[in-house]
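Below is one structure, written out as structure tokens, with a few remarks after it.
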Amino acid sequence: MSSRNHKRPVYVYPTAEECALIKQSWDYILSPPVSESGADTSTINLTIAPTEHSALSDHSQNHVVSTTGFVTTQSAAFTGTQQYPNSPATQFTIAFYTNLFHTNPEYRFLFTDVFRQSSALSGMLSRIVRNVDRISEGADAMRRLGYRHAAVYKIRDEMYETVGRNMVCTVRETLMKQGRWSPEIDWAWLTVWTLLSTWMKEGAHMNPDESELDQKEKCSVM
Ligand code: HEM
């Protein structure tokens, strides 16, 4: 970031206890009790509802999660059938997008392929959780991600709060079903989300050269 950038926001880092809660709760999400895993159910029908946005009607998607470990997608937007790994992490992000499109149907049109996106987000969340104790090392990667969100996906600053609320609610909902939720978990996720959003919003306001868009290096933290 250049020195032209005015006031630096205050970064609130998760405490050691919050880092531990994040890791523990993510472990719970990834390893639900057997009764929650759906292993005794042959299929689960999941529908990501399209918005009223008329241009989107072609993107309405019907998804079937099978016990073969894959999510099958049948959609007017695809010519064939697509399969995605059906991991608990992907299930969590699918629940997250389902909640998001329920509270904010207008966000639906931003996503071209919710299942591909669910898998990208769950991968990133896993990396963030794994490295949450050294989260600051990922700040620049998050700024670049924030630049892409603003420049390519047209995401505005105020959307981070809406999406963050949904993320915390989905964590709560998932853990409540397991009887493993506590209010401290909400705070821990909120702290991490707010910190990541702060970096992403900084990135959103960078110049293209500052955003180092051509830099393709992989950051070990994010
Ligand atoms: C901490 C916050 C967030 C994280 C970690 C995150 C992560 C990601 C990742 C990993 C991708 C995959 C593509 C890429 O790497 O460029 C992505 C794409 C995307 N994200 Fe985010 N995101 C965040 C916040 C948001 C918010 C607030 C919105 C607002 C609705 C949003 C909307 C999108 C959209 C529209 C795409 C592209 C989807 C597509 O191409 O179909 N993200 N995000």
Side-chain angles (χ1 to χ4, degrees), residues 1 5-14 22 26 29 47-57 59-61 77 89-129 132 135 138-174 185-208 210-213 219 221-222:
M1 305 269 312
N5 279 317
H6 10 273
K7 269 204 307 184
R8 278 229 176 237
V10 177
Y11 303 123
V12 178
Y13 289 89
I22 292 277
W26 189 243
I29 288 167
T47 304
I48 306 284
T51 65
E52 284 114 40
H53 199 288
S54 58
L56 290 175
S57 48
H59 291 265
S60 67
Q61 299 174 355
T90 309
Q91 285 179 13
F92 169 78
T93 45
I94 288 169
F96 159 69
Y97 285 113
T98 306
N99 284 342
L100 183 65
F101 301 150
H102 183 73
T103 57
N104 294 78
E106 72 280 10
Y107 285 11
R108 177 64 186 90
F109 78 96
L110 295 167
F111 297 90
T112 47
D113 181 341
V114 178
F115 276 68
R116 185 172 45 83
Q117 176 59 22
S118 294
S119 151
L121 183 61
S122 63
M124 171 156 268
L125 281 175
S126 291
R127 288 195 295 283
I128 290 170
V129 170
V132 69
I135 196 167
D140 282 339
M142 292 309 291
R143 290 187 182 107
R144 283 194 291 279
L145 184 63
Y147 180 88
R148 279 203 300 282
H149 273 65
V152 182
Y153 313 135
K154 310 296 173 211
I155 302 308
R156 299 185 311 277
D157 284 2
E158 64 272 18
M159 291 173 158
Y160 284 89
E161 200 192 319
T162 316
V163 175
R165 234 190 346 259
N166 269 281
M167 176 66 73
V168 174
C169 284
T170 310
V171 170
R172 185 190 306 167
E173 202 176 82
T174 309
I185 294 175
D186 275 13
W187 284 111
W189 279 87
L190 201 60
T191 305
V192 168
W193 181 270
T194 305
L195 183 58
L196 297 175
S197 307
T198 304
W199 288 325
M200 286 181 70
K201 285 187 265 185
E202 283 177 359
H205 301 286
M206 288 191 299
N207 297 323
E210 285 177 310
S211 75
E212 302 160 66
L213 263 190
C219 169
V221 176
M222 302 294 176

| Would you call D186 and V171 a side-chain contact if the rule is heavy atoms closer than 4.5 Å? | no
Contacts of Y153 meeting ring pair (Phe, Tyr, Trp, His ring centres under 6.0 Å) (sequence neighbours excluded), chain-then-number -> H149
(request) Would you mind reporting whether Y11 and W199 have side-chain heavy atoms less than 4.5 Å apart? (result) yes
Hits for salt bridge (Lys or Arg N to Asp or Glu O under 4.0 Å) against E161, two or more places apart or cross-chain, chain-then-number order -> R165
(message) Set out, in order, the CA-CA distance, both residues' side-chain angles and the distance that settles side-chain contact (heavy atoms from CB on, under 4.5 Å) for V114 and R108, then state yes or no.
(response) CA-CA 9 Å; V114 178; R108 177 64 186 90; 3.6 Å; yes
**Message:** Side chains of T194 and V12, heavy atoms from C-beta outward: is any pair under 4.5 Å?
**Reply:** no
Looking only at heavy atoms, the pair that brings P14 and I135 closest together is CD-CG2, 4.3 Å
Minimal heavy-atom distance between R143 and E202, with the atoms involved, is NE-OE1, 2.6 Å
Exercise for review: Say whether N99 and T170, considering side chains only, have a donor N or O and an acceptor N or O under 3.5 Å apart.
Suggested key: yes
d(H102 NE2, C169 SG) to nearest 0.5 Å is 11.5 Å
Residues F111 and Y107: closest non-hydrogen pair is CD1-O, 3.4 Å
All heavy atoms of S122 vs all of W26, minimum pair found to be O-CZ2, 4.2 Å
query: Are H205 and D157 side-chain neighbours, meaning at least one heavy-atom pair lies under 4.5 Å?
result: yes
dist F92:CZ -> L121:CG (nearest 0.5 Å) comes out at 8.0 Å
Between M200 and Y160 the two heavy atoms that sit nearest each other are CE-OH, 3.4 Å
Does any part of the side chain of M159, heavy atoms only, come nearer than 4.5 Å to the side chain of N104, both counted from C-beta?
no
Here the gap from T93 atom OG1 to L125 atom CG, rounded to the nearest 0.5 Å, amounts to 7.5 Å
**Prompt:** Side chains of Y97 and S118: closer than 4.5 Å at any heavy-atom pair?
**Reply:** yes
Close side-chain approach of V163 to L100, heavy-atom, < 4.5 Å = yes
The reported gap from CG in L145 to CG in D140 (rounded to nearest 0.5 angstrom) is 12.5 Å
*Can you find a heavy atom in the side chain of T198 that is under 4.5 Å from one in the side chain of M142?*
no
